[in-house]
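Only one structure is covered here, and it is reproduced in the block below.
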Amino acid sequence: MNKTKLLELIAQHTRDVLPGLDAHQFTAGDRLADLGANSVDRAEITMLVQESLRISIPRIELFGPKNIGELADLFLRKLDAA
Amino acid sequence: MLPKVAVTGVGVIAATGQGKAAFVTALLEGKHAFGVMQRPGRQHQSNYLGAEIAEITFSPDITQRTLRTCSLSSRAALVVLQEVWTEARLAEADPRRIGLIVGGSNVQQRELAQIHEAYRESSAFLRPTYGLSFMDSDLCGFCTAQFGIRGLAYTVGGASASGQLAIVQAAQAVLMKQVDVCIALGALMDLSHWECRGLRSLGAMGSDRYRDQPALACRPFDRDHDGFIFGECCGAVVVESIESSHRRSVKPYATLRGWGIVMDGNRNPDPSLEGETQAIQDALDASGLLPAQIDYVNPHGTGSATGDEMELKALRLCGLTGAYLNATKSLVGHGLSAAGTVEVIATLLQMQTGRLHPSRNLENPIDSAMNWVRGKPVDHQIENALTLSMGFGGVNTALCWQRHHA
């Protein structure tokens, strides 16, 4: 799993939760809140990514990342450590 | 006597049709949709019979985003609320003066069971929305968000009497001037195979006798009845004062003249002649109506052997032998939490059309002297109607309705 693939996975699950984003071109600088995700949507998206990766991350650590690039980095670190 | 509260809008969905026009047409044509239930999570080593809604049609402004985390009960609520919103012109009412009472408890059991089964071995990945949606009051949150309702909203539960209790609660909110307009919703009860099993084991749900003939299984008040047959449905009615209806120039269907709510002091499912008679008597007394003035009764009539018999005895004791009588559940099935609301809607639509719907499978009534509407619809202008709903745990409810003469 590299960062490009992880960004694709986050984009895919963001589209699952926010179907209006089908045409959006995701970049590492995208913020989920700016894309229209409320706090429940963000929790859903990060949980779907965790389920796809079969990796469980404490909620408190998921508050850190400021955009989906940083979120991808967090998942990569966790995958490396696992 | 109570100040008049009126119903100014109705919305409904059942397996036989979505929207009041389709619903009442199906009723008058005697249509049904009973079969072996197919919805995922309804069967497990079983062949339970029931009537399921094949498809729900949403207006184009309802987005996929809204529907993604929307339960079946919420979806049904959404379409019936849209129907009343338009008919009662609620966009013209002050959102702070609109309330919503959701009738029913534990209504989303099938969806919850599906989630439990899917995540049993991987609970760490349970969808966060489960933390919201497992509560019935999520229906209040969902609906008030969709429609911008800013008055009160909460759920009331009383087993199969929930739908009528919601209407009573809505009327009380209006009479107490907590809101000007209050919507009562009979929530769609979404049974999982677990509830079906429990209801069968309890002896409440049929049908052993008609296992291979689903069309014949639902037969309230017929000698061959062997329990209720489930039917998915959901209904909403708008309750307000006549003065309030004038402000938005909406036309009342009828006024709610009085009601009776009586407990039997009995946790069990068995009915009580005393409780039912008292509820009917209380409703008549509150309405200032004499039994002879009631010309139509929409009974609870589930198809339960003891329940059907007890109900007819209660009607006889109360002097209600002259009124027309039919069984809405013979066509729609038993909606449990929704039944009371949906059957009030059936009553109001029959009042509006001047026709009474037939009762399916009523071949040999257990009491043939009652004034049944059986195989064919009957032309009749309902003036005063009585609607009955009873629930497990000894709940008896009776509502009296009167045609509104402007």
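Order of the sequence lines fixes the chain letters, A, B, ..., with proteins taken first and strands second; residue numbering starts at 1 for each chain. Quick caveat, the model's predicted, so the values are computed rather than measured.
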Item to check | Interface moiety of A:Ile57 toward chain B, non-hydrogen atoms closer than 4.5 Å | outcome: neither

Give each N or O donor-acceptor pair spanning chain B and chain A at a distance under 3.5 Å, with atom names and distance to 0.1 Å, or state none.
| unit_1 | atom_1 | unit_2 | atom_2 | d |
| --- | --- | --- | --- | --- |
| B:Arg65 | NH1 | A:Gly36 | O | 3.1 |
| B:Arg65 | NH2 | A:Gly36 | O | 2.9 |
| B:Arg65 | NH2 | A:Asp41 | OD2 | 2.2 |
| B:Arg68 | NH2 | A:Glu44 | OE1 | 3.1 |
| B:Tyr119 | OH | A:Glu51 | OE1 | 3.4 |
| B:Arg127 | NH1 | A:Glu51 | OE1 | 2.8 |
| B:Thr129 | N | A:Glu44 | OE2 | 2.8 |
| B:Thr129 | OG1 | A:Glu44 | OE2 | 2.9 |

Item to check | Part of B:Leu126 lying under 4.5 Å from any heavy atom of chain A | outcome: backbone

Checklist entry - With sequence neighbours left out, which residue pairs that include part of residues 55-89 of chain B fulfil the ring-ring contact (aromatic ring centres under 6.0 Å, His included) condition? => result B:Trp85-B:Phe147

